[in-house]
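In what follows, a structure is listed as structure tokens, so that the remarks can point back to it.
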Amino acid sequence: CKDCGGSSYCEHGKRKRRCRECGGMDFCVHDRRKGQCKECGGSAICEHQRRRIDCKDCGGPSICEHKRRRRLCKECAPLTMCEHNQTKTTCYECGA
């Protein structure tokens, strides 16, 4: 527990393994998260050198059957889109 001063937390209030200042284990020699570093061949990077979750060619979970980002697809997530073909949270005409 962070509040109790548990041994998993560093002096910066972060988990030790995720703290850059403390040299956490989650970072590679390129100062990136190991799983997301292209040079190190991270597990989150696909064969197309993209984030696996967002790769249209691999069919990542963020990509819908229409080859679009699932949350931005009018057919898959119609409630998130406004009448101006924008996401409701970023549409200037709707006043977001």
Side-chain angles (χ1 to χ4, degrees):
C1 173
K2 189 192 294 190
D3 298 329
C4 299
S7 62
S8 324
Y9 292 90
C10 70
E11 60 194 45
H12 305 105
K14 302 174 187 171
R15 289 208 175 259
K16 285 182 181 178
R17 65 182 303 129
R18 292 193 177 172
C19 182
R20 278 193 169 94
E21 292 88 9
C22 293
M25 295 174 15
D26 281 358
F27 298 97
C28 69
V29 295
H30 307 105
D31 200 33
R32 297 185 193 112
R33 284 270 178 96
K34 284 182 182 178
Q36 297 175 0
C37 182
K38 290 181 182 179
E39 286 88 2
C40 292
S43 60
I45 305 298
C46 73
E47 60 192 46
H48 308 102
Q49 295 299 305
R50 299 184 196 119
R51 286 181 40 195
R52 190 177 305 279
I53 195 170
D54 294 329
C55 184
K56 290 181 181 180
D57 297 328
C58 290
S62 293
I63 306 300
C64 72
E65 60 195 43
H66 308 103
K67 297 286 185 190
R68 299 184 196 119
R69 285 189 174 240
R70 193 176 302 279
R71 65 181 174 83
L72 300 176
C73 181
K74 287 188 288 186
E75 287 86 12
C76 294
L79 299 177
T80 62
M81 306 299 280
C82 72
E83 60 202 40
H84 309 107
N85 264 354
Q86 301 291 322
T87 56
K88 288 180 181 177
T89 57
T90 60
C91 181
Y92 290 110
E93 294 180 49
C94 289

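The two residues C55 and I63 have their closest heavy-atom pair at O-CG1, 3.8 Å.
A distance of 8.5 Å separates CZ in F27 from CZ in R18, rounded to the nearest 0.5 Å. The CZ atom of R20 sits 4.5 Å away from atom CG of D31, with the distance rounded to the nearest 0.5 Å. In this structure, K88 NZ and M81 CE are separated by 10.0 Å, a value rounded to the nearest 0.5 Å.
For the pair C64 and R69, the minimum side-chain heavy-atom distance is 4.5 Å or more.
Within a 6.0 Å radius of CZ in R51, no more than 12 heavy atoms belonging to other residues, nucleotides or ligands are found.
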With a 3.5 Å cut-off and sequence neighbours excluded, list the donor-acceptor pairs that the side chains of residues 33-47 form with protein atoms.
from	atom 1	to	atom 2	distance (Å)
K34	NZ	M25	O	3.0
K38	NZ	Q49	O	3.0
E39	OE1	R32	NH1	2.5

Pairs of donor and acceptor atoms involving the side chains of residues 4-16, under 3.5 Å and at least two apart or interchain, shall be tabulated with distances.
from	atom 1	to	atom 2	distance (Å)
K14	NZ	E21	OE1	3.4
K16	NZ	S7	O	3.0

Report all side-chain donor-acceptor pairs from residues 72-80 shorter than 3.5 Å, counting only partners two or more places apart or in another chain.
from	atom 1	to	atom 2	distance (Å)
K74	NZ	N85	OD1	3.4
E75	OE1	R68	NH1	2.5
T80	OG1	R71	O	3.2
T80	OG1	A77	O	2.8

